[in-house]
Visitor: 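Got a structure here, written out as structure tokens. Questions coming.
Labels below follow one simple rule: chain letters A, B, ... track the order of the sequence lines, proteins then strands, and each chain is numbered from 1. Both backbone and side-chain heavy atoms feed into the values below; hydrogens, waters and symmetry mates do not. It should be emphasised that the depicted structure is a prediction, and the values quoted were computed from it without experimental measurement.
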2 protein chains.
Amino acid sequence: MVRQKTSAFQSSKPVTIKDLAEILHTTPSTVSRALRDKKGVGEKRRKQVKDLARKMNYQPNTVASGLRKGKSRTLGVIVPRVNRDFFSDVIAGIEEVAFDHKYSIIICQTHDQLDREKQYVETLLSARVDGILASLSLETNTYDHFRKILNARIPLIFFDRIPAEMDTSRIVIDDFEGAYRAVKHMIDNGYRRIIHFAGPDYLNVYRNRKEGYLAAMKSCNLPVEEDMIIHNNLTLEAGRKSMEEVLNKGMVPDALFSASDYAALGALLFMQEKKFDIPGQFGVAGFSNEKFTSYINPSLTTVDQHSREMGRYCTELFLKESIGEKPPPSKIMLSPELLIRKSTQRKSKQ
Amino acid sequence: MVRQKTSAFQSSKPVTIKDLAEILHTTPSTVSRALRDKKGVGEKRRKQVKDLARKMNYQPNTVASGLRKGKSRTLGVIVPRVNRDFFSDVIAGIEEVAFDHKYSIIICQTHDQLDREKQYVETLLSARVDGILASLSLETNTYDHFRKILNARIPLIFFDRIPAEMDTSRIVIDDFEGAYRAVKHMIDNGYRRIIHFAGPDYLNVYRNRKEGYLAAMKSCNLPVEEDMIIHNNLTLEAGRKSMEEVLNKGMVPDALFSASDYAALGALLFMQEKKFDIPGQFGVAGFSNEKFTSYINPSLTTVDQHSREMGRYCTELFLKESIGEKPPPSKIMLSPELLIRKSTQRKSKQ
DNA sequence: AAAAAACACACAAACGTTTGTGTTATTCTG
DNA sequence: CAGAATAACACAAACGTTTGTGTGTTTTTT
């Protein structure tokens, strides 16, 4: 005998509102209203419809309803990479709030490439997402693709890596403050010749971290020679290499403040190979609070960016913008948290 | 004077195919065919249409075309958490292949909760995604929601955490083999009383890792007492706590093979606090190759799961299933890679 | 040069909803 | 109990595409 599944498991084409209407000898409009608890449908009929819908395993078609309503209850999220702790934490935060409000999220990885970013903006626009949350790619130096989003009257919220050139809602942490506090802390611990690994100047986050570094040094009257600021791409390998070059040039820094944890790690590993005592002879601080920073030895002083909260806020900003008349853009700046760990704590101060 | 933007920046309602048709005194069908390079449109007209589309910044509406075509070029991805290295790496892999084939991906976090998983399946089904890639939540012990996907004739590919109960395409790594090799390696390095942190038995991955552990021990005639296998939820805290309990019970293991890197780390940190020399007095190996494992000290021996490749394969499996007649489900098993690091390398063997 | 084939296009229906408007029956009001 | 208000529904149009079919026109074939 053929195995007979319950009616929930019939295959074939999905059941539509029309099908339900036909069976009940009524019309699609009534069924639609019944299902969504809109008025204009009698008690009895409503129950009848809902019962049948359940029985026939009716699945609402959000594509159709999206087309009709002009809303997709979908959010586009554009990030450089999904598998970076910072970004995946932000995404986790976004997803949480989005889920609570019945939004789905489409994620887009730019791989830090401008043309991918552009292409994804097109895709999201075509998908008629209700909003876009984005963090700039490293290559982004033009913003017309983002302006298109605004012109389409779709809420656009930037987080972390934001364009100075556009007047949109945005949420960042205070990178300047985070860097300033990290460097100040290092100085307080007796480090003096602190070098800095910086990212590209055209990205707000790296520019601000550099400024924070400079301000902290200046506030203590510590000189910053030109070659104490090393721009690289902030990967582990870049950090290791830059550190090597610094030593090869004959410089004798006693600490490093890196705009990225990975680059900090690269330098730290290199210095350990060279038998430098960390934090004794050389202090290291990073930025972002990647998970590994608390597990390595010595644990790495870093700046936490409240990534998950950033994601949550970001989505809340979108929700605010998506209802009613467009409010003026909100600019939120979260306070970073300096996490003082072993890599910057000298046993004896200066 | 009012600032005048180029035509690319007009606001108002999006341009539709109908609009283009009207302007060119032709019909939507012709415009549609012209834009998509379908035959039935003259050279001249085609150029005319494309030029106008560009000029008016026409954005195709994938919602409408999705409704008409019954395909959304969208993939649903269901994972326990997006901010775990393993899963975010898989997602990165999925995104890469999906992007190349012009698919968008909707990501869903179950937070290891069954009801969230169910709800997301409904959402994805309603969104009429073209396929679903999923890894089970810890709580999943019922599969009707997944069967619905199959009944809707939507390709469903499981990865890593898969249900034994369903006959779908799937891709896993050989957890048994990975565990076996890890434990064998530890035995080869002189460890004898190796304990095991295991996850829930109803999840294939943890069951297989445990089996691998048992097989390796057995192959060397090493006894495994009941209390040498500790089930916990595999978090860092759980690892620490379990380790503490083991010692408190008066057991004297000389090594740990943990089904998770985090739990391994918890145990490792605890043992270090208790002044055990690792790997000298106590060896530790984990599973998953989380990023931090190579940066900690001692670096952690672990098993790499080729997560990115898994994501890529997974999407390729979907692509294969989405064309033509449904092929029989593919069952792919990737070979894990044992990464031998310091945490299991005794200076002097035995 | 007539018949056949190919082409360029218009027309119309369809995908599955949602929503405004009309129609009839029921309930309410004074 | 007439008239108004309300309710329960049906009807039809619309969202923006895609695609099958029909109709002239041009090109090719012989």
Visitor: Just the rounded figure in Å: distance from P of D:dT19 to NZ of B:Lys39.
Guide: 13 Å
Visitor: In whole Å, I'd like the distance from the CZ atom of A:Arg128 to the C1' atom of D:dT17.
Guide: 11 Å
Visitor: So, OP1 or OP2 of D:dA8: does either fall under 4.0 Å of a side-chain N or O from A:Arg33?
Guide: no
Visitor: Examine D:dC15: is either OP1 or OP2 under 4.0 Å from a nitrogen or oxygen in the side chain of B:Thr16? Give yes or no.
Guide: no
Visitor: What is the separation between atom CG on B:Leu35 and atom C1' on D:dT19, rounded to the nearest whole Å?
Guide: 15 Å
Visitor: Mark yes or no for a side-chain to base donor-acceptor pair under 3.5 Å between B:Arg68 and D:dG20, with no hydrogen or angle criteria applied.
Guide: no
Visitor: A:His25 has an atom NE2; how far is it from atom C1' of D:dA8, in whole Å?
Guide: 18 Å
Visitor: Find the distance A:Ile17:CD1 to C:dT19:P and express it as a whole number of Å.
Guide: 11 Å
Visitor: Side chain of A:Ser29, base of D:dC11: donor and acceptor closer than 3.5 Å?
Guide: yes
Visitor: Need to verify one output field. Residue with the more 5' nearest nucleotide on DNA chain C, B:Gly42 or B:Ala64?
Guide: B:Gly42
Visitor: Surrounding CD of A:Glu43 (heavy atoms of other residues, nucleotides or ligands, distance under 6.0 Å), is the total greater than 12?
Guide: no
Visitor: Calculate the interatomic distance between A:Lys38 atom NZ and D:dA8 atom C1'; express it in whole Å.
Guide: 17 Å
Visitor: Please determine whether a side-chain nitrogen or oxygen atom of A:Thr27 lies at a distance below 4.0 Å from atom OP1 or OP2 of D:dA10.
Guide: yes
Visitor: Under 4.0 Å between a side-chain nitrogen and a carboxylate oxygen: does that hold for B:Asp37 and B:Lys50?
Guide: yes
Visitor: Does C:dA10 have OP1 or OP2 under 4.0 Å away from a side-chain N or O of B:Arg45?
Guide: yes
Visitor: Any side-chain to backbone donor/acceptor pair from A:Ser88 onto B:Asn83? Under 3.5 Å, distance only.
Guide: no
Visitor: Of all the choices, C:dT19, D:dT21, D:dG16, which nucleotide is nearest to the side chain of A:Ser32 once you look at every atom?
Guide: C:dT19
Visitor: How many whole angstroms separate atom NZ of B:Lys69 from atom P of D:dG20?
Guide: 12 Å
Visitor: Round to a whole Å and report the spacing from NZ of A:Lys13 to P of C:dA14.
Guide: 16 Å
Visitor: Specify the residue among A:Pro28 and A:Arg46 whose closest nucleotide of DNA chain D lies further upstream toward the 5′ end.
Guide: A:Arg46
Visitor: Tell me whether B:Asp51 is salt-bridged to B:Lys55, with the criterion being a basic N under 4.0 Å from an acidic carboxylate O.
Guide: no
Visitor: Quick check on D:dA10: is either OP1 or OP2 less than 4.0 Å from any side-chain nitrogen or oxygen of A:Thr30?
Guide: yes
Visitor: Can you tell me if A:Lys18 touches the phosphate of C:dC15, counting only side-chain N or O atoms and a distance under 4.0 Å to OP1 or OP2?
Guide: yes
Visitor: Salt bridge check, A:Lys69 against A:Asp130: does any charged N sit closer than 4.0 Å to a carboxylate O?
Guide: no
Visitor: Contact class for A:Thr26 (heavy atom, under 4.0 Å): base, sugar-phosphate, or nothing?
Guide: sugar-phosphate
